Colleague: 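Submitted below is the structure of interest, expressed as structure tokens.
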Amino acid sequence: MDAILNGLTESQKQAVTHIDGPLLILAGPGSGKTRVVTHRIAYMISQGVSPSQIAAVTFTNKAADEMRTRLGQLAPGQPVWMGTFHRFCAQLLRRYASLAGLSENYSIYDTADSKQAMKRAIAAANVSTSHTSPEQITSIISSAKNRLVTPEMMLSASSRTGDAVAAKVYPVYQQQLLTANAVDFDDLLFHVAIMLRNNPELREDLDSRFRYILVDEYQDTNLAQYAIVRGLSINNANLAVTGDPDQSIYGWRGADLNNILDFEKDYPAVTTVRLEQNYRSTPNILRVADQLIRHNQKRKKKDLYTHNPEGDPVVLRMYEDGYQEADGIADAISNAIRTEGMRPRDFAILCRMNALTRSLEHSMRSRGLPYQIINGVEFYQRKEIKDLLAYLHLINNPSHDVAFQRVVNVPTRGIGAKTVERLRRYADVNRIPMLQAARDVYKIEGIAKRSATFVTRFVELYDRLSKKASATLEDLLRYLVEETKYEAFLEKSSVDQQDSSAIGNVDEFISAAVEFDRQHPEDGTLEAFLEQVALVSDTDAFEESDDRVTLMTLHAAKGLEFPCIYIVGVEQGLLPHSRSMDTDAGFEEERRLLFVGITRAMQRLQLSVCKRRTVRGDTRPAVPSPFLNELPLDELKKVESNVDRDWFDEDPDAHGGYPDSWDLPDEDGGDPLADDSGPTVHESAATAYDEVCQLPEAEIAERVESKKRKSAQVAGLKTAADMLNGGVTPVTAYREGTQVRHTEYGDGTVVSITGRGPKRTATVRFDDGEHNFRLAFAKLEVIDG
DNA sequence: ATTGGGACGTTTTTT
DNA sequence: ACGTCCCAAT
């Protein structure tokens with residue numbers, strides 16, 4: 001008991017000792033929230049609450065693990081349910097699958113699976129996709145599910161054209177999922193929410209089964225999650241939620257800030273506890289965070305404070321480009337490790353997009369700095385792994401059509417696209433899984449006898465494999481690899497590309513299976529393994545114990561802390577991201593994202609900006625983020641590049657005319673990173689792409705250039721092309737055989753030209769090899785046409 | 001049926 | 001720059 005309450009502040013104690021009734025814990029960053037939550041659970045148990053009546057729901061497995069570990073120290077061996085929302089729902093759905101029209105061995109489609117399924121549904125729904133992409137449809141349907149909109153509801157209430165198309169696809173997609181005995185990520189929440197709504201008795205049962213519910217990161221819940229939580233705390237309103245509206249960064253996934261802002265209205269009997277003292281960061285860092293977040297309009301005012309000693313000033317650094325940024329940071333880190341006794345694990349580098357980790361990765365590697373990338377290329381997304389996984393999925397759930405289509409001809413066994421197409425058609429018409437259709441292959445019109453034989457052979461292979469379904473995973477996998485001659489297939493297909501890693505990956509996958517067998521001697525079913533794989537993200541792969549520098553996105557950093565944080569690319573169009581900054585809500589969410597990043601830092605923090613940024617192949621002048629203007633600038637240490645020279649107050653001309661204040665660019669000024677097809681495509685709505693495509697190339701080039709000049713003026717920078725030749729070379733000046741000069745590569749010859757308009761691209765051969773250039777932006781000079 | 005080359009679109013963030 | 005999709009050649 002003493003161990004539970006000792007060392008807590010008054011407000012922490014208040015939260016910890018609250019047992020019955022709704023509780024809202026508003027916890028600022030670094031305020032010891034996890035500590036409070038775990039201590040509270042321990043306290044509840046010590047007061048006689050049965051652990052089996054408690055469920056703690058988090059957003060990441062990482063958070064759940066952390067909680068479990070900490071509780072284990074306070075109250076060992078207590079079976080409190082802890083896990084993510086999705087896992088919670090997956091388990092309920094296992095149990096009550098039939099209520100959602102599923103069988104208990106249902107599969108969980110990952111994003112790629114859903115994408116495949118969606119394409120099939122779009123084709124089957126017979127809609128015109130000329131004005132809506134599959135991605136758009138997917139996202140509309142996803143957000144419908146997050147808002148608990150059923151296919152029927154959507155059909156009756158679709159006004160906009162994009163919605164109308166999606167509304168037609170939605171029921172088909174759901175029907176096909178049902179036939180495949182599968183759900184997507186959104187369905188996990190959706191089905192459970194609907195199930196609770198439609199089955200009052202079940203709802204009541206579960207309400208009392210989970211008498212005490214805790215929800216972490218409540219600010220990130222969407223309507224489906226809200227409904228689930230609500231449904232489980234009506235009779236027993238012992239719902240405790242923790243969260244921080246300032247750290248809500250999942251609006252794009254349907255998170256509704258109102259869930260936490262209105263909590264006090266939903267549960268009038270609520271006790272609210274505010275945890276505002278920060279134990280993590282220096283006052284310097286906290287002031288920067290606070291100044292920034294004050295600029296959000298939609299927000300509950302909150303005072304952050306700390307008793308920590310004043311530390312180093314926050315650094316605002318400017319680099320020439322992304323490569324120097326990466327090198328500079330890598331150098332700084334290895335210096336700190338060499339001279340200050342810091343460890344690699346003390347550092348994290350945060351960025352807005354995964355793509356930005358590339359150059360960072362390169363710099364780390366070249367300096368021999370150990371690093372880990374969270375959410376880079378995922379292990380489970382590699383081809384070999386997906387293939388084997390698909391076999392496992394199909395063994396577990398014979399209706400898994402996405403898996404069927406993936407493996408039916410892998411390794412190649414004479415079943416071509418046409419045959420698969422006919423199987424699919426037959427399956428659609430009869431509303432049966434494709435494997436079932438394959439069993440009826442002789443009944444299907446149009447499939448040649450020869451092909452049918454191959455199909456039957458596949459079915460026989462499948463039946464052999466499924467006999468092993470209940471063996472250990474290791475045995476099953478080894479048998480699978482053996483029977484399918486999978487490794488021989490890999491070897492054969494990777495002759496020319498010296499891609500020997502594929503077979504290594506297979507071995508690694510088998511090791512993972514061995515490990516799973518070892519950890520689950522009792523419940524190590526195939527189903528459990530597949531569920532784990534589906535619901536474990538790479539964010540969870542973060543290993544604190546590893547002594548490595550961590551590279552990740554700002555989103556992935558939530559909930560973590562590091563002594564030293566570098567936030568890269570604090571630039572207009574990147575942070576705030578160009579796709580989010582058009583709406584106030586989006587813009588404020590971007591601001592919160594930066595807030596989250598800043599507050600990860602314990603002792604040191606550097607924000608950085610580049611003069612130029614290379615995205616998707618081409619380099620553009622970059623404009624500092626408007627958020628920087630909102631920071632207490634006089635407190636920051638502003639440094640240009642690696643020279644310890646204060647650039648901020650200097651004569652702007654001294655460094656290429658960079659703006660001498662952090663004034664915002666003009667309205668239409670700047671988003672040099674918006675799109676690689678150039679500003680032309682994104683011109684004000686009406687003069688859209690079609691029109692541009694009809695213009696003669698020279699005129700397009702001129703438009704591109706004029707727009708580019710304009711945005712460059714705003715940034716106060718000349719574009720590279722302008723600096724080079726003071727003028728514009730029309731894209732039509734290039735033909736095959738044209739002699740050109742490039743600043744880096746030297747002289748070369750145009751080998752070929754493809755594309756048109758802003759995308760017109762030339763392949764140029766130089767002495768040291770060939771390079772491709774977007775002509776409208778290339779740093780090329782014509783020597784001789 | 002399979003393979004490989006080329007055009008084309010695409011990525012913001014994640015369970 | 002990268003992955004995916006389509007088509008032509010084998």
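Because the structure is a prediction, the values reported are computed rather than measured. Order of the sequence lines fixes the chain letters, A, B, ..., with proteins taken first and strands second; residue numbering starts at 1 for each chain.
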Colleague: Would you say a side-chain N or O of A:Asn354 is under 4.0 Å from OP1 or OP2 of B:dT13?
Modeller: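 For A:Asn354, the contact criterion (side-chain N or O under 4.0 Å from OP1 or OP2 of B:dT13) is met.
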
Colleague: Where the side chain of A:His555 is defined as all heavy atoms beyond and including C-beta, which of B:dT13, B:dT2, B:dT11 is the nearest nucleotide?
Modeller: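 Comparing B:dT13, B:dT2, B:dT11 against the side chain of A:His555, the answer is B:dT13.
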
Colleague: Among the candidates B:dT11, B:dT15, C:dC2, find the nucleotide nearest to the side-chain atoms of A:Glu135.
Modeller: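 Shortest atom-to-atom distance from the side chain points to B:dT11.
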
Colleague: Using a 4.0 Å heavy-atom cut-off, does A:Tyr250 contact any base of the nucleic acid, only the sugar-phosphate backbone, or nothing at all?
Modeller: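 Sugar-phosphate, no base atom in range.
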
Colleague: Test your reading of the model: is there a side-chain donor-acceptor pair from A:Arg94 to the backbone of A:Tyr106, 3.5 Å cut-off?
Modeller: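 Checked: pair present.
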
Colleague: Compare the minimum distances between each of B:dT13, B:dT15, B:dT2 and the side chain of A:Thr553, then state the nucleotide with the smallest one.
Modeller: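 Among the listed nucleotides, the one closest to the side chain of A:Thr553 is B:dT13.
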
Colleague: Using only side-chain N and O atoms of A:Asn222, determine if any of them is under 4.0 Å from OP1 or OP2 of B:dT15.
Modeller: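 A:Asn222 to B:dT15 OP1/OP2: no side-chain N or O under 4.0 Å.
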
Colleague: Atom CZ of A:Arg450 to atom P of B:dA1: distance rounded to whole Å?
Modeller: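 Those two atoms, CZ and P, are 8 Å apart.
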
Colleague: Rounded to the nearest 0.5 Å, what separation is found between the NZ atom of A:Lys115 and the CG atom of A:Asp110?
Modeller: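 These two atoms lie 11.5 Å from each other.
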
Colleague: Output the rounded distance in Å from CZ (A:Arg579) to P (B:dT13).
Modeller: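 Taking atom P of B:dT13 as the reference, CZ of A:Arg579 is at 10 Å.
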
Colleague: Rounded to whole angstroms, how far apart are CZ on A:Arg87 and C1' on B:dT14?
Modeller: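 In whole Å, B:dT14 C1' lies 16 Å from A:Arg87 CZ.
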
Colleague: Which nucleotide sits closest to the side chain of A:Trp252: B:dT10, B:dT14, B:dA1?
Modeller: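 Comparing B:dT10, B:dT14, B:dA1 against the side chain of A:Trp252, the answer is B:dT14.
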
Colleague: Choosing from C:dC2, B:dA1, B:dT14, which nucleotide comes nearest the side chain of A:Arg358?
Modeller: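 Output: C:dC2.
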
Colleague: Could you give the CD1-to-P distance, from A:Ile108 to B:dT15, as a whole number of Å?
Modeller: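 Rounded to the whole Å, the gap is 14 Å.
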
Colleague: Within less than 4.0 Å of OP1 or OP2 of B:dT15, is there a side-chain N or O belonging to A:Asn146?
Modeller: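 Answer no for this pair, as no side-chain N or O of A:Asn146 is under 4.0 Å from OP1 or OP2.
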
Colleague: Between A:Glu590 and A:Ile415, which residue's closest nucleotide on DNA chain B lies nearer the 5′ terminus?
Modeller: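 It is A:Ile415, whose closest nucleotide lies nearer the 5' terminus.
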
Colleague: Counting only side-chain heavy atoms from C-beta out, which of B:dT14, B:dT13, B:dT2 sits nearest to A:Arg253?
Modeller: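 Looking only at heavy atoms from C-beta outward on A:Arg253, the closest nucleotide is B:dT14.
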
Colleague: In whole angstroms, how far is the C1' atom of C:dA1 from the CD atom of A:Glu361?
Modeller: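 That distance rounds to 15 Å.
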
Colleague: Counting heavy atoms from C-beta on, name the nucleotide in B:dT14, B:dT3, C:dC5 closest to the side chain of A:Lys119.
Modeller: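 Of all the options, the side chain of A:Lys119 is nearest to C:dC5.
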
Colleague: How long is the line joining CG of A:Leu554 and C1' of B:dT14, in whole Å?
Modeller: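 Checked: the CG to C1' distance equals 14 Å.
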
Colleague: Find the distance A:Leu188:CG to B:dT15:C1' and express it as a whole number of Å.
Modeller: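 About 9 Å, once rounded to whole Å.
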
Colleague: Is any NZ, NE, NH1 or NH2 atom of the basic residue among A:Lys62 and A:Asp65 found under 4.0 Å from an Asp or Glu carboxylate oxygen of the other?
Modeller: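 Salt bridge between A:Lys62 and A:Asp65, a charged N being under 4.0 Å from a carboxylate O: no.
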
Colleague: Step through it carefully: locate the ring centre of A:Phe85, locate the ring centre of A:Phe88, and say whether they are under 6.0 Å apart.
Modeller: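 Not under 6.0 Å, so no.
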
Colleague: Looking at CG of A:Asp186 and NE2 of A:His191, how far apart are the two atoms once the value is rounded to the nearest 0.5 Å?
Modeller: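 One finds 10.5 Å between CG of A:Asp186 and NE2 of A:His191.
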
Colleague: Over all strands shown, is A:Asp186 touching base, sugar-phosphate only, or nothing at heavy-atom distances under 4.0 angstrom?
Modeller: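 Nothing, no nucleic acid heavy atom in range.
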
Colleague: Across the strands shown, which category fits A:Thr419 at heavy-atom distances under 4.0 angstrom: base, sugar-phosphate, nothing?
Modeller: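 Sugar-phosphate only.
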
Colleague: Mapping A:Leu593 and A:Asn409 onto DNA chain B by nearest heavy atom, which one lands closer to the 5' end?
Modeller: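 Nearest-nucleotide comparison on DNA chain B picks A:Asn409.
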
Colleague: Please report the interatomic distance NE2(A:His86) to CD(A:Glu531), rounded to the nearest 0.5 Å.
Modeller: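 Going from NE2 on A:His86 over to CD on A:Glu531, the span is 12.0 Å.
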
Colleague: How far, in whole Å, is B:dT11 from C:dC6 if one measures between their C1' atoms?
Modeller: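 Their C1' atoms lie roughly 22 Å apart.
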
Colleague: Send over the distance from A:Ile374 CD1 to B:dT15 C1', rounded to a whole Å.
Modeller: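 After rounding, the gap between these two atoms is 16 Å.
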
